Amino acid sequence: MDVFLTLDYELFLGERTGSVGRCLVETSDRLCDIAEQAGARFTFFVDATYLLRLRELSGSDSHASDDFGRVTSHLHSLAGRGHDLQLHIHPQWQYSDYSDGQWTLDSTHYKIQDIPAEKAAALFRDGCSLIEEIGGRRPVAFRAGGFSAQPTSLLRSLLIPNGISIDCSVYPGNVYHSPQQDYDYATAPTNTVYRFSSDICVPDADGDLTELPLSVCKVSPLFYWGLVARRLARLKSHRRIGDGLSVKTTGESIRTRLTTSTDGFATIDESKISYLPKAFRRALADGADAFCVIGHPKLATPYSLSRLPGVLRGMSDRGAVFRTVSELNDQP
């Protein structure tokens with residue numbers, strides 16, 4: 001089975017964004033060292049809007065200039081190591097301010113749907129060009145910020161003109177509505193690569209776009225109660241290395257996870273890496289043709305980094321073939 005290890009390369013989007021060093025450079029390098037030892041490469045979905053805003057501010061802010069230089073240099077080195085750089089968009093950066101090394105984030109333009117169509121088109125065009133400039137290859141894949149890739153008509157209008165043929169935003173079986181995120185993937189296929197056209201949730205063999213959805217598995221409420229206990233205990237091994245704060249989860253979502261089994265995505269983040277082997281075995285048993293893992297360097301912990309080598313080794317022993325997302329275009 002083909003396994004795709006994907007990482008969203010981004011700062012935190014809550015009340016504190018965190019630093020380039022702790023959230024991006026240090027953790028990404030440690031993750032890549034582990035993956036390379038297993039013969040795997042990551043696909044980094046690079047938050048291009050953040051980079052574009054940094055570049056825009058670099059002429060007047062030395063902190064922005066330093067961050068832009070460090071991040072672009074780091075991404076260039078990741079591409080040189082054989083990792084894949086693809087497009088990720090969080091529109092709010094274009095409406096956010098940076099002063100004395102601190103971001104003041106806009107919270108009203110979180111989704112692509114929240115900004116004018118011409119602004120979205122410019123972000124996609126300029127983001128693709130910047131990633132190509134950094135990594136030497138034009139992006140062929142996209143992941144929407146907050147998984148919010150609907151409506152499909154809007155997505156198509158942004159992907160196709162920029163030569164992007166692969167989307168990796170779908171979180172099958174999940175529906176989520178908040179001021180920041182808005183999606184409905186209740187009917188989307190699971191653990192399979194499929195083509196689509198007019199509806200991102202409906203396979204179409206003649207579609208001109210390809211979907212690589214996140215892989216999912218059932219997660220017991222007991223896992224989330226354990227997660228609460230670990231956070232309250234402030235265990236050092238489970239502390240995030242990234243030094244920012246996430247967007248707050250809705251109360252309804254928290255109650256659901258604590259009271260019923262839910263579909264969790266396959267991830268290497270924090271203690272959630274503990275159910276990744278189970279998710280992989282379930283996908284194998286179901287005859288899946290693809291297994292897409294998501295992660296965030298900013299959410300790495302000492303625990304997750306210590307577990308990752310064994311998890312990748314276990315996948316490899318069970319026949320996993322590690323691929324980057326761009327390699328989907330190389331397949332017939």
Side-chain angles (χ1 to χ4, degrees), residues 7-29 31-32 42-80 83-112 114-116 118-139 142-146 158 162 164 180 241-247 296-300:
L7 297 173
D8 288 1
Y9 188 93
E10 62 188 23
L11 294 182
F12 285 90
L13 300 168
E15 295 178 359
R16 188 173 69 243
T17 61
S19 64
V20 166
R22 293 277 294 276
C23 296
L24 299 177
V25 177
E26 176 186 342
T27 45
S28 294
D29 285 344
L31 288 166
C32 288
F42 283 111
T43 296
F44 285 91
F45 283 94
V46 178
D47 190 348
T49 321
Y50 161 67
L51 291 182
L52 291 169
R53 183 60 172 154
L54 274 181
R55 186 173 66 178
E56 183 180 357
L57 296 171
S58 289
S60 57
D61 188 297
S62 61
H63 293 288
S65 179
D66 290 344
D67 284 355
F68 181 74
R70 188 175 185 189
V71 172
T72 54
S73 176
H74 182 239
L75 288 169
H76 181 75
S77 73
L78 293 177
H83 299 278
D84 205 11
L85 305 185
Q86 301 299 336
L87 183 67
H88 190 39
I89 295 287
H90 276 286
Q92 66 265 46
W93 290 107
Q94 282 296 302
Y95 300 84
S96 300
D97 295 317
Y98 195 45
S99 178
D100 296 324
Q102 299 294 322
W103 284 98
T104 302
L105 287 184
D106 171 273
S107 60
T108 60
H109 299 89
Y110 195 94
K111 306 179 294 297
I112 301 169
D114 295 333
I115 65 176
E118 61 273 15
K119 184 76 167 179
L123 288 181
F124 271 71
R125 182 190 65 241
D126 296 343
C128 285
S129 296
L130 182 56
I131 290 175
E132 182 178 19
E133 180 183 328
I134 294 169
R137 296 183 62 184
R138 192 164 180 84
F142 168 72
R143 175 173 288 151
L158 297 168
N162 288 290
I164 296 177
Q180 290 79 31
I241 297 171
D243 50 355
L245 294 174
S246 298
V247 174
H296 302 76
K298 64 186 181 184
L299 297 181

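Computed from a predicted model, the values in this text were never measured in an experiment.
- With values rounded to the nearest 0.5 angstrom, E133 atom CD is found 11.0 Å from D126 atom CG.
- In this structure, the separation between CZ on R125 and CG on L158 is 11.5 Å, given to the nearest 0.5 Å.
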- Please test L51 against I134 for side-chain contact (heavy atoms from CB on, under 4.5 Å), starting from the C-alpha separation and ending with a verdict. CA-CA 11 Å; L51 291 182; I134 294 169; 4.0 Å; yes
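- The two residues G14 and L105 have their closest heavy-atom pair at O-CD1, 3.8 Å.
- The only member of Y110, F45, Y95, Y50 that meets ring-ring contact (aromatic ring centres under 6.0 Å, His included) when paired with H90 is Y110.
- Here the CZ-OG1 distance, from R55 to T72, works out to 10.0 Å after rounding to the nearest 0.5 Å.
- With respect to the salt-bridge test (charged N to carboxylate O, under 4.0 angstrom), the residues D106 and R53 do not qualify.
- The only member of H296, K298, H74 that meets side-chain hydrogen bond (donor to acceptor under 3.5 Å, both in side chains) when paired with Y9 is H74.
- Residue E132 places its CD atom among more than 12 non-hydrogen atoms of other residues, nucleotides or ligands, all under 6.0 Å distant.
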- Hey, mind stepping through Q94 and E56 against side-chain contact (heavy atoms from CB on, under 4.5 Å) and telling me if it holds? CA-CA 9 Å; Q94 282 296 302; E56 183 180 357; 3.7 Å; yes
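- Side-chain atoms of D97 and W103 form no donor-acceptor pair, as typed in the model, at a separation below 3.5 Å.
- A heavy-atom distance below 4.5 Å is found between the side chains of C32 and L78.
- The OG atom of S19 sits 8.0 Å away from atom CG of L11, with the distance rounded to the nearest 0.5 Å.
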- Item | Intermediate values then yes/no, side-chain contact (heavy atoms from CB on, under 4.5 Å), I164 and C128 | CA-CA 9 Å; I164 296 177; C128 285; 3.7 Å; yes
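- A donor-acceptor distance shorter than 3.5 angstrom exists from the side chain of S96 to the backbone of Q92, with no hydrogens or angles considered.
- In this pair, H83 and F44 present their aromatic rings perpendicular. The plane angle is above 60°, beyond the 30 to 60° band.
- Judged purely by atom type and a 3.5 angstrom limit, T27 uses its side chain to pair as donor or acceptor with the backbone of C23.
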- Message: Would T17 and W93 count as a side-chain contact (heavy atoms from CB on, under 4.5 Å) here? Give the steps.
- Response: CA-CA 11 Å; T17 61; W93 290 107; 4.0 Å; yes
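- Between F142 and H88, the distance from one ring center to the other does not fall under 6.0 angstrom.
- Residue I89 holds its CD1 atom at 3.5 Å from OG1 of T49, rounded to the nearest 0.5 Å.
- A donor-acceptor distance shorter than 3.5 angstrom exists from the side chain of R16 to the backbone of D243, with no hydrogens or angles considered.
- In summary, K111 and D114 engage in a salt bridge, as defined by a charged side-chain N under 4.0 Å from a carboxylate O.
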